Amino acid sequence: MKHLARLAALAIAATLPLTAQAHHYWLLPSSTVLSSPQWITVDAAVSNDMFHFNHVPLGLEALNIVAPDGGKVAPENMAKGKLRSTFDAHLTQPGTYRIQLVRSGVRASWKVDGQPKRWNGSPEAFAKEVPADAAELQVGEFVSRLETFATVGSPSALKPAGQGLELVPLTHPNDLVAGESATFQMVVDGKPAAGVEVTVVRGQSRYRNQLEALKFTTDEAGKFSVTWPQPGMYWLDADLQDAKTSVKAARQRMLSYTVTLEVLPQ
C-alpha cells in the first residue's frame, strides 16, 4: 500500500521531482468551520512531517473549489514558494465547500538503450507520444483525489463524483469532535469499496517520536469508523489498485484518496 501511495503522490504532483515519491502530500486550511462568510487561507505541500512544509510545494494546476450550490469559487493570491504553495478563498455562501485537486491519466515507463524513460499524460497523448513497441514498456492508469472541506454556517450535503476512489462522509467532515466516533464510506466509481485499508494520522508529527497512525479496513458496505483521540488536524489516506482500465495497453489502475480533516475539542 505504501508503494501505491508513493505512485499516487507522483501522479498528483506530476510536476514535482521524483524525490517527492516518498513523502506525504496535503492541503491545510486555516479554518474549516466558519460562523459567517469570510476568507480562509490554504497551504499545499509535499513533506516529510505531516502538515509541516519542509520539502517541496504542491502544484495547484488541478485546484478546484466547489461551492455549496455547485458553482466554482476562484482562488485568489495563489503563490508558489520554495517549500509550499498557498491560496486564499472567499467563502460567501452558507454551506459546505469542497476544496480539491483531482488528477487522472496514464503513466508509462520504458527503456531506450538501457536508460529508463518515464511519461505522464492523457490517454489521447499516450497514443501519440509513447511508442507502442518500446522496450520493457509498462503502462498504468491513475486517478488521485486530494481534498479538504470548509463549512460556513450550517453544513450541507456532499455527493461523490462517481470516479475513482472517494470518501462519502456519513458523519459530516466539518462536524468532528475529539472523543466521538465518525463513520465514513469508501466508494470506487460510486460503488461501495470493501476491504480498503485506510490510514489516519494526526498532524504535528514533527513533535513526537512515533507517527501514531490509526489503521482501518472498510467492511462489506465500504464503511469504517474513527474515534478521534484528540483535537487537531488529521490526514486520512486510502489507496487501491484494480484492473478497470480504459487504455488497452494499461494492465492496472491506481486509485488514491487523501483528505485533511479538522477535529475540534469537546
Side-chain angles (χ1 to χ4, degrees), residues 1-12 21-27 32 47 49-51 98 100-104 140-149 157-205 208-245 251-263:
M1 298 304 289
K2 289 295 183 185
H3 180 61
L4 287 177
R6 289 194 290 272
L7 291 174
L10 177 62
I12 198 167
Q21 294 180 62
H23 299 79
H24 304 294
Y25 58 95
W26 42 263
L27 296 170
T32 64
S47 68
D49 300 305
M50 204 63 68
F51 306 138
R98 186 189 294 269
Q100 62 182 6
L101 287 88
V102 181
R103 292 182 184 276
S104 62
E141 294 185 36
F142 66 88
V143 180
S144 62
R145 185 179 301 273
L146 169 64
E147 60 187 7
T148 190
F149 305 95
L158 294 161
K159 296 181 179 179
Q163 181 195 23
L165 185 62
E166 296 180 87
L167 179 140
V168 177
L170 304 181
T171 301
H172 196 279
N174 295 135
D175 188 22
L176 307 178
V177 180
E180 296 185 0
S181 178
T183 301
F184 305 105
Q185 181 186 38
M186 300 303 304
V187 297
V188 174
D189 300 334
K191 299 180 180 178
V196 177
E197 295 182 15
V198 179
T199 300
V200 177
V201 179
R202 180 169 55 87
Q204 301 295 309
S205 61
R208 58 183 187 268
N209 292 326
Q210 301 298 323
L211 191 59
E212 299 177 2
L214 305 174
K215 301 285 187 177
F216 305 90
T217 301
T218 60
D219 64 15
E220 290 300 315
K223 298 179 182 178
F224 67 100
S225 296
V226 182
T227 298
W228 307 102
Q230 58 183 281
M233 288 292 189
Y234 285 77
W235 181 87
L236 185 155
D237 177 81
D239 306 284
L240 192 65
Q241 180 178 325
D242 65 22
K244 297 179 180 178
T245 60
R251 294 291 179 266
Q252 57 187 213
R253 185 176 68 152
M254 291 163 287
L255 307 173
S256 172
Y257 178 85
T258 305
V259 63
T260 299
L261 300 169
E262 184 176 28
V263 176

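Predicted model only: the values in this text are computed from it and were never measured. Position 1 is the first residue of the sequence; numbering continues from there. Scope of the values below: all heavy atoms of this structure, side chains included, with no hydrogens, waters or symmetry mates.
The shortest heavy-atom contact between Val188 and Ala193 is CG2-CB, 3.6 Å. Closest approach of Leu158 and Pro169 over heavy atoms only: CD1-CG, 4.0 Å. Between Ala221 and Pro192 the shortest heavy-atom distance is O-CB, 3.4 Å. Between Leu211 and Ser205, the shortest heavy-atom distance links the atoms CD1-CB, 4.0 Å.
Using a cutoff of 4.0 Å between basic side-chain nitrogens and carboxylate oxygens, Glu212 and Arg202 are scored as salt-bridged. Under a 4.0 Å N-O distance rule, the pair Arg208/Asp49 does not qualify as a salt bridge.
Remark: Glu220 CD is loosely packed, at most 12 non-hydrogen atoms of other residues, nucleotides or ligands lying under 6.0 Å away.
Side-chain contact between Val201 and Leu214 is absent, with no heavy-atom pair separated by less than 4.5 Å. Thr148 has its side chain out of reach of Leu261: every pair of non-hydrogen atoms, C-beta onward, lies at least 4.5 Å apart. Looking at heavy atoms from C-beta onward, Leu167 lies out of side-chain contact with Arg145 at the 4.5 angstrom threshold. The side-chain heavy atoms of Leu165 and Met186, taken from C-beta on, include a pair separated by under 4.5 Å. The side-chain heavy atoms of Lys223 and Leu170, taken from C-beta on, include a pair separated by under 4.5 Å. Between Leu255 and Asp239, the closest side-chain pair of non-hydrogen atoms is not below 4.5 Å. A 4.5 Å side-chain heavy-atom check between Met50 and Gln204 finds every atom pair outside the cut-off. Side-chain contact between Thr258 and Leu236 is absent, with no heavy-atom pair separated by less than 4.5 Å.
Once rounded to the nearest 0.5 Å, the distance linking CD of Glu166 with CD of Glu147 reads 7.5 Å.
In the model, Thr171 has no side-chain atom that pairs as donor or acceptor with a side-chain atom of Thr183 under 3.5 Å. Side-chain contact annotation: Tyr25 with Ser256, donor-acceptor N/O pair under 3.5 Å present.
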Inset, instruction - Could you go through the side-chain contact (heavy atoms from CB on, under 4.5 Å) check for Leu146 and Leu27 one step at a time? - result: CA-CA 8 Å; Leu146 169 64; Leu27 296 170; 4.0 Å; yes
Legend entry - Residue pair Ser47, His23: steps toward the side-chain contact (heavy atoms from CB on, under 4.5 Å) verdict: CA-CA 5 Å; Ser47 68; His23 299 79; 5.9 Å; no
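The salt bridge (charged side-chain N to carboxylate O under 4.0 Å, His left out) check on Glu262 picks up nothing, with sequence neighbours excluded. With sequence neighbours excluded, no residue forms a salt bridge (charged side-chain N to carboxylate O under 4.0 Å, His left out) with Glu141.
Aromatic rings from Trp235 and Phe51 are positioned such that their centres are separated by 6.0 Å or more.
Below 30°, between 30° and 60°, or above 60°: for Phe216 and Phe224 the angle between ring planes is between 30° and 60°, a tilted geometry.
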